[in-house]
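Data block below; observations after.
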Amino acid sequence: MPFDFNAVKDFLRCPQSKAELVLEDDALVSTSPEARLKYPVRDGIPILLIDDAEQLPPEQWSAIMEKHGRDAATGQPRGA
């Protein structure tokens, strides 16, 4: 069964920062500019373990935020 992000996006949060997450390819990315963590999704299951997360470089994190309609500096939705 594929991972249905839209069905759970309001409930999932970054375990470290408690920030919202965005789906980027086969991973969930924290919208926290301090954390910048990328959590893998394996076999349709999000692995929300801090030890399994990858911290993204600021430039890569900012590009992902922009792609998802979020402010590249804060991770907040544009216009919020």
Side-chain angles (χ1 to χ4, degrees):
M1 171 185 279
F3 175 56
D4 185 0
F5 178 68
N6 289 325
V8 296
K9 69 180 180 180
D10 294 333
F11 304 105
L12 294 181
R13 294 286 183 259
C14 172
Q16 179 174 305
S17 67
K18 310 302 184 241
E20 293 179 34
L21 299 164
V22 295
L23 181 63
E24 178 66 14
D25 299 324
D26 59 349
L28 296 173
V29 177
S30 174
T31 59
S32 165
E34 292 82 24
R36 299 187 321 274
L37 293 175
K38 178 180 175 183
Y39 299 92
V41 176
R42 295 185 191 126
D43 298 322
I45 300 169
I47 310 299
L48 296 176
L49 300 172
I50 296 169
D51 289 343
D52 286 355
E54 167 192 356
Q55 187 172 43
L56 298 173
E59 302 79 25
Q60 185 179 3
W61 179 85
S62 292
I64 291 169
M65 292 302 109
E66 284 192 16
K67 178 179 172 184
H68 289 276
R70 292 178 169 266
D71 184 276
T74 66
Q76 295 298 311
R78 283 195 196 116

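Among residues two or more places apart in sequence or in another chain, the side-chain hydrogen bond (donor to acceptor under 3.5 Å, both in side chains) test is passed with E34 by S32. In this view, A63 satisfies the side chain to side chain contact (heavy atoms under 4.5 Å, CB included) rule with no residue, not counting sequence neighbours. Listed by chain and number, the residues in a side-chain hydrogen bond (donor to acceptor under 3.5 Å, both in side chains) with S30 are S17 (sequence neighbours excluded).
Annotation for P15 and Y39: closest pair CD-OH, 3.2 Å, computed over non-hydrogen atoms. Minimum interatomic distance between R36 and P58 (heavy atoms only, all atoms of both residues): NE-N, 3.6 Å.
The side-chain heavy atoms of F3 and L28, taken from C-beta on, include a pair separated by under 4.5 Å. At least one side-chain heavy atom of E66 sits under 4.5 Å from a side-chain heavy atom of R78.
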Yes or no on side chain to side chain contact (heavy atoms under 4.5 Å, CB included) for M65 and V22, after CA distance, side-chain angles and deciding distance? CA-CA 8 Å; M65 292 302 109; V22 295; 3.8 Å; yes
For the pair V29 and L21, evaluate side chain to side chain contact (heavy atoms under 4.5 Å, CB included) and give the outcome as yes or no after the intermediate values. CA-CA 5 Å; V29 177; L21 299 164; over 6 Å; no
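Applying the salt bridge (charged side-chain N to carboxylate O under 4.0 Å, His left out) test to every pair with at least one member in residues 7-26, sequence neighbours left out, gives these pairs: E20-R70, E24-K67.
The CD1 atom of I64 sits 10.5 Å away from atom CG of L23, with the distance rounded to the nearest 0.5 Å.
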Acceptor/donor pairs from residues 47-56 side chains to any protein atom, 3.5 angstrom cut, sequence neighbours excluded:
from	atom 1	to	atom 2	distance (Å)
Q55	NE2	A35	O	3.0

